[in-house]
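None of these values were measured; they are calculated from a predicted model.
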Amino acid sequence: MSQFDLTRLEAIIAERARSGDENSWTARLFAKGTPKAAQKLGEEAVETVIAAVSRDRQELISESADLLYHWLVVLALEGVSLNEVMEELERRTARSGVEEKASRKG
């Protein structure tokens, strides 16, 4: 199992976002802001779904990596940390998914 995790990727994204390097995709996304990064996130989500429905394992792995990367870029642009998302997930595990989802309706 890889020792690489989303916390490390979050740190790399933050570092590259500040770099101003014209050759950095991350720096370019940050320069274009949330609308462009969110658009890319949406595109990657669709591509991930297509890979899953097609049952293309390698493409699903590749698109999932793209999806997670762009998700973390959007979070960073909006000042939301991975830790905040993980805390929300942890909070939600205190009750059933059906019960938690029902509590959000209204």
Side-chain angles (χ1 to χ4, degrees):
M1 175 129 197
S2 173
Q3 296 299 311
F4 191 76
D5 63 19
L6 293 179
T7 302
R8 178 71 185 122
L9 181 56
E10 180 181 47
I12 291 168
I13 288 168
E15 178 183 315
R16 291 183 182 168
R18 292 187 302 267
S19 74
D21 182 353
E22 294 176 6
N23 295 315
S24 166
W25 177 246
T26 304
R28 287 181 181 190
L29 276 177
F30 268 77
K32 292 179 181 180
T34 300
K36 181 62 174 178
Q39 176 190 349
K40 289 300 297 174
L41 175 62
E43 290 171 8
E44 298 304 340
V46 169
E47 291 170 1
T48 302
V49 169
I50 292 168
V53 171
S54 299
R55 302 189 66 116
D56 184 333
R57 187 175 194 281
Q58 192 53 52
E59 194 66 13
L60 179 58
I61 292 168
S62 178
E63 294 301 340
S64 294
D66 290 346
L67 177 63
L68 289 172
Y69 163 79
H70 286 92
W71 173 62
L72 287 173
V73 167
V74 169
L75 289 181
L77 279 163
E78 291 302 305
V80 175
S81 72
L82 177 60
N83 189 59
E84 290 174 277
V85 175
M86 298 311 290
E87 286 173 352
E88 176 65 13
L89 286 171
E90 183 177 33
R91 183 189 65 73
R92 290 180 183 190
T93 61
R95 55 186 164 173
S96 79
V98 172
E99 183 181 60
E100 192 283 326
K101 187 166 181 158
S103 74
R104 290 188 276 150
K105 291 184 178 179

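Using modelled atom types, one finds a donor on one side chain and an acceptor on the other under 3.5 Å when comparing Thr34 with Glu78.
Rounding to the nearest 0.5 Å gives a distance of 11.0 Å between CG of Asp66 and CG of Leu41. Summarising the geometry, atom CD belonging to Gln58 is positioned 10.5 Å from atom CD belonging to Glu63; distances are rounded to the nearest 0.5 Å. Atom-to-atom distance recorded for Leu67:CG and Thr48:OG1 is 4.5 Å, nearest 0.5 angstrom.
When atom types are taken as modelled, the side chain of Ser54 and the backbone of Ala51 share no donor-acceptor pair closer than 3.5 angstrom. Checked by atom type and distance alone, the side chain of Ser2 pairs as donor or acceptor with a backbone atom of Phe4 at under 3.5 Å. For the pair Glu44 (side chain) and His70 (backbone), a donor-acceptor distance under 3.5 Å is absent. With Arg28 contributing its side chain and Glu22 its backbone, the two residues share a donor-acceptor pair below 3.5 Å.
Across Ile13 and Ala76, no two heavy atoms sit closer than the pair CG2-CB, 4.5 Å. Minimum heavy-atom separation, Asp5 to Arg8: OD1-N, 2.8 Å. Closest heavy-atom contact between Leu29 and Tyr69: CD1-OH, 3.8 Å. What you find for Ala37 and Val73 is that their closest heavy atoms are CB-CG1, 3.9 Å. The minimum heavy-atom distance linking Asp21 with Ala27 is given by the pair O-CB, 3.4 Å. Scanning all heavy atoms of the two residues, the minimum distance from Gly79 to Glu84 falls at O-OE1, 3.8 Å.
Ion pairing between Glu87 and Arg91 fails under the 4.0 Å rule for side-chain N and carboxylate O.
Note on Leu6: it does not cluster hydrophobically with Leu60, by side-chain heavy-atom contacts below 4.5 Å among ILVMFWY residues.
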